[in-house]
Novice: 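One structure, as structure tokens, below. Some questions next.
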Protein chains: 2
Amino acid sequence: MSTIRDVAKLAGVSVATVSRVINQKGYISKDTEKKIKACMAKLQYSPSSVARGLAGKKTDTIALLIPDITNPFFPEIARAVEDTASSYGITTLLGNCDENGVKELRYLDILKKRYVDGIIFAEHGLTWNEIHGILGSGMPIVSLDRAALSEEVSSVRVNHYQGAVLAVEHLLSIGCRRIAHISGPNHLITSANRNRGYTDTLRNAGCFDPDLVYEGDFSMECGMRVTEQLLKENEGVDGIFTSNDLMAVGALKTLIRSGVKVPEDVALIGFDGISMTQMVEPEISTIAQPIYEIGKQAVFQLIHQIEDRHELPEMTPRVLETKLIQRATTTRF
Amino acid sequence: MSTIRDVAKLAGVSVATVSRVINQKGYISKDTEKKIKACMAKLQYSPSSVARGLAGKKTDTIALLIPDITNPFFPEIARAVEDTASSYGITTLLGNCDENGVKELRYLDILKKRYVDGIIFAEHGLTWNEIHGILGSGMPIVSLDRAALSEEVSSVRVNHYQGAVLAVEHLLSIGCRRIAHISGPNHLITSANRNRGYTDTLRNAGCFDPDLVYEGDFSMECGMRVTEQLLKENEGVDGIFTSNDLMAVGALKTLIRSGVKVPEDVALIGFDGISMTQMVEPEISTIAQPIYEIGKQAVFQLIHQIEDRHELPEMTPRVLETKLIQRATTTRF
DNA sequence: TTGTACGCGTTATCAC
DNA sequence: GTGATAACGCGTACAA
């Protein structure tokens with residue numbers, strides 16, 4: 001492992017000069033630049049990010065904190081974030097918090113010690129105060145909107161309310177009248193918004209029945225369990241809107257097992273747009289979030305906070321729209 | 001952000017002393033230790049990992065490089081690795097290589113610059129020489145055995161051959177005779193071993209037919225596509241063994257769509273044991289790898305290479321066994 | 001255009 | 001027991 005000093009020595013110049021060519025800063029004659037580059041190549045020199053971090057307080061590293069890596073939604077986000085970040089030369093540190101406040105806190109502590117340049121929070125149970133308590137202020141943060149941070153935090157938002165409206169209107173349009181909803185945890189903003197969209201739409205249509213609303217936890221198991229319960233407790237349900245796709249997968253499973261025909265007896269639509277909805281049979285209709293775009297925008301916003309020097313593509317609106325994707329579970333003939 | 005110097009000043013001691021209490025090294029009087037600890041708390045001091053990395057050449061960071069984060073097998077591995085590592089105070093850097101040699105190289109370069117203490121390779125297309133070319137020697141590496149590194153590299157292996165034998169014997173035992181195989185990419189050792197297990201077992205049973213072997217790429221789409229082809233080109237296939245679960249999910253989908261009864265007409269079994277096999281209906285039988293254990297052992301071995309000081313649980317055998325999990329797709333009545 | 005020298009926050013080696 | 005002080009590898013004013 002050669003250092004900048006080795007390069008300088010070999011090239012017969014000072015470390016400052018070498019540093020300049022590395023960082024493309026200040027004036028350097030073409031000649032010395034060439035010579036130095038040659039020496040760097042010969043020594044296989046590559047600057048130490050650690051030393052750099054210490055000296056410059058900048059590590060070209062961001063962190064992405066997600067609540068559950070086994071929910072495919074988050075790997076898909078992770079992929080987008082990492083892609084985008086790495087196209088700017090930024091490394092992404094991925095932290096899986098397991099829906100666990102303690103782990104979240106632990107991560108925050110680690111990230112601070114590591115001088116990450118910024119953090120993307122995909123979801124968390126922390127208050128803004130707790131975060132500040134650990135991080136202090138000044139750390140760039142972007143929150144993907146499943147989180148419930150304060151308004152001061154920059155975030156990438158999706159119009160969940162509108163998405164839910166789309167879902168329910170779609171179910172209505174194919175003839176459903178008793179439409180059940182398996183919501184996400186009520187304390188999550190996103191989940192609550194989807195719930196509102198559902199409720200409002202059904203109210204307007206004169207079909208709302210509070211008995212048909214069940215609270216879930218976004219897991220597949222829960223989707224199965226609740227659907228079972230739902231079928232037992234209610235007659236004539238002809239449509240189900242689950243607050244995420246994973247629960248839709250679970251619901252579908254229970255429906256099939258119970259001999260319920262999908263979509264003839266019960267139509268089903270999820271939310272998120274993860275690719276797993278296409279892996280089951282029949283394929284599940286869903287309200288797709290622009291997952292890749294969300295990750296991408298999050299990185300853009302974060303970089304924006306970190307520094308203005310990067311020439312970023314124009315900022316697109318912060319509120320992204322969802323899209324109805326109709327598949328077999330809502331296609332009646 | 002207070003530094004060790006601030007603490008030293010406040011406590012009226014030298015930085016060396018503070019460093020000693022931080023690292024529990026050398027002698028320190030109980031009194032000063034208490035005082036220093038109090039000061040650290042008061043200043044909310046927390047040592048900089050970056051500075052530490054520079055000074056000590058050790059970052060308490062390992063990296064996990066995976067080929068495809070959207071294949072659920074790897075998030076499950078990632079979770080195990082991260083859990084285990086973090087229980088030893090080690091942070092995990094997760095890199096998604098997208099089955100892309102260039103990205104792999106890029107990651108290696110980054111990791112080296114960052115002084116990671118070691119790397120776990122879940123799969124890759126690099127030769128041992130390429131790796132050495134970037135890393136030089138001396139970097140601890142553990143390879144999860146989908147990779148095809150040389151024998152010098154420490155690795156966590158699963159008995160894929162035996163697993164495939166289990167799968168095929170199981171299919172035979174429920175009455176299948178014309179058993180097809182959708183393999184993984186032939187250049188991957190694991191895939192090749194599973195293929196051998198399949199071939200040998202069927203040969204012994206006198207049922208081997210080379211026409212029933214198709215090469216896949218571990219993706220669900222491929223599972224669908226190949227199954228379609230397989231049904232078209234062959235009569236009387238009554239069992240399918242796919243080299244991983246994702247392809248089994250795809251196969252199941254095609255079977256259902258084609259009106260083939262599973263398992264009555266065609267039985268189906270996968271390999272890996274990812275939880276997605278339980279998300280579809282009917283649930284898919286599989287040869288489960290001890291995924292969590294694999295991740296855990298990988299970390300153990302890596303830490304072992306990094307240093308002997310950590311008191312690790314006794315090393316368990318490197319070759320882990322797979323287990324048949326019988327579910328609906330191979331349960332005939 | 002290039003070089004000198006100091007600082008970044010810790011660890012570790014010697015002295016005291 | 002404790003305290004200076006030299007690394008660690010790099011960035012950067014400030015000089016030259």
Side-chain angles (χ1 to χ4, degrees), chain A residues 1-37 39-40 43-61 109-117 136 307 309, chain B residues 1-37 39-40 43-61 89 109-110 112-117 136 307 309:
Chain A
M1 281 274 303
S2 45
T3 77
I4 196 175
R5 248 184 299 263
D6 302 327
V7 177
K9 200 165 296 172
L10 183 61
V13 298
S14 77
V15 293
T17 311
V18 177
S19 177
R20 284 190 197 97
V21 356
I22 293 172
N23 303 293
Q24 321 258 36
K25 271 183 184 169
Y27 295 97
I28 21 169
S29 78
K30 288 295 164 204
D31 273 1
T32 49
E33 174 167 3
K34 264 203 180 103
K35 186 168 52 180
I36 289 173
K37 282 191 169 164
C39 294
M40 299 203 306
L43 294 178
Q44 296 207 64
Y45 168 73
S46 110
S48 153
S49 305
V50 177
R52 245 183 188 174
L54 222 210
K57 237 61 172 141
K58 213 161 147 305
T59 54
D60 292 319
T61 307
D109 187 43
I110 291 175
L111 297 178
K112 177 187 172 191
K113 293 186 188 177
R114 287 187 177 277
Y115 300 170
V116 297
D117 296 337
E307 56 177 339
R309 266 171 305 151
Chain B
M1 280 275 302
S2 44
T3 77
I4 197 175
R5 248 183 296 265
D6 301 327
V7 178
K9 200 164 296 174
L10 182 62
V13 299
S14 78
V15 291
T17 311
V18 178
S19 177
R20 285 193 195 94
V21 355
I22 293 173
N23 302 293
Q24 321 258 35
K25 270 183 184 168
Y27 294 97
I28 23 168
S29 78
K30 288 294 162 203
D31 273 1
T32 48
E33 174 167 4
K34 267 208 178 96
K35 187 167 53 180
I36 289 173
K37 282 192 170 164
C39 294
M40 299 201 308
L43 293 178
Q44 296 207 67
Y45 167 74
S46 114
S48 153
S49 305
V50 177
R52 259 192 175 159
L54 221 211
K57 236 61 172 144
K58 216 164 144 303
T59 53
D60 292 318
T61 306
D109 186 45
I110 290 175
K112 176 188 174 190
K113 293 187 189 178
R114 288 189 178 276
Y115 300 170
V116 297
D117 296 337
E307 57 178 339
R309 267 171 302 153

Novice: Could you give the NZ-to-P distance, from A:K30 to C:dT1, as a whole number of Å?
Specialist: 10 Å
Novice: Which pair of non-hydrogen atoms, one from B:I4 and one from B:Y45, has the smallest distance, and what is that distance?
Specialist: N-CE1, 3.4 Å
Novice: Under the criterion side chain to side chain contact (heavy atoms under 4.5 Å, CB included), which of B:L10, B:V13, B:D31 is the partner of B:I36?
Specialist: B:V13
Novice: Between B:D109 and B:K113 (salt bridge meaning N to carboxylate O under 4.0 Å), is one present in this structure?
Specialist: yes
Novice: Give a yes or no on whether A:K9 atom NZ has more than 12 heavy-atom contacts from other residues, nucleotides or ligands under 6.0 Å away.
Specialist: no
Novice: Heavy atoms within less than 4.0 Å of DNA chain C: which residues of residues 11-20 of chain B have one? Give them sorted by number.
Specialist: B:A16, B:S19
Novice: Can you check whether A:T32 has a side-chain N or O nearer than 4.0 Å to OP1 or OP2 of C:dT2?
Specialist: yes
Novice: Could you check how far CZ of B:R5 sits from C1' of D:dA4, rounded to whole Å?
Specialist: 12 Å
Novice: Give the nucleotide from the list C:dC8, C:dT1, C:dT11 with an atom nearest to the side chain of A:Y27.
Specialist: C:dT1
Novice: Check the phosphate of C:dC8 against B:S48, side-chain N and O only, distance under 4.0 Å to OP1 or OP2. Yes or no?
Specialist: no
Novice: Can you measure B:K9 atom NZ to C:dT10 atom P for me and round it to whole angstrom units?
Specialist: 13 Å
Novice: Under 4.5 Å between any side-chain heavy atoms of B:M1 and B:T3, yes or no?
Specialist: no
Novice: What is the separation between atom CE on A:M1 and atom P on D:dC8, rounded to the nearest whole Å?
Specialist: 12 Å
Novice: Ignoring backbone atoms, establish whether B:K57 has a side-chain N or O less than 4.0 Å from OP1 or OP2 of D:dA7.
Specialist: no
Novice: B:D6 CG to C:dT10 C1': how many Å, rounded?
Specialist: 13 Å
Novice: Counting only side-chain N and O atoms of B:Y115, is one of them less than 4.0 Å from OP1 or OP2 of D:dC10?
Specialist: no
Novice: Which of the following nucleotides, C:dG9, D:dG1, C:dT2, is nearest to the side chain of B:T3?
Specialist: C:dG9
Novice: Would you kindly give the CD1-to-P distance between B:I4 and D:dT5, to the nearest whole Å?
Specialist: 16 Å
Novice: Does B:N23 place a side-chain N or O at less than 4.0 Å from the phosphate oxygens OP1/OP2 of C:dT11?
Specialist: yes
Novice: For B:K58 and D:dC8, give me the distance from atom NZ to atom C1', rounded to whole Å.
Specialist: 16 Å
Novice: More than 12 heavy atoms of other residues, nucleotides or ligands under 6.0 Å from CD of B:E33: is that the case?
Specialist: yes
Novice: Could you state the atom-to-atom distance from CZ of A:R114 to C1' of C:dT10 in whole Å?
Specialist: 14 Å
Novice: Output the distance between atom CZ (A:R114) and atom OG1 (B:T59), rounded to the nearest 0.5 Å.
Specialist: 6.0 Å
Novice: Can you find a side chain N or O atom of A:R52 that sits less than 4.0 Å from OP1 or OP2 on D:dC10?
Specialist: no
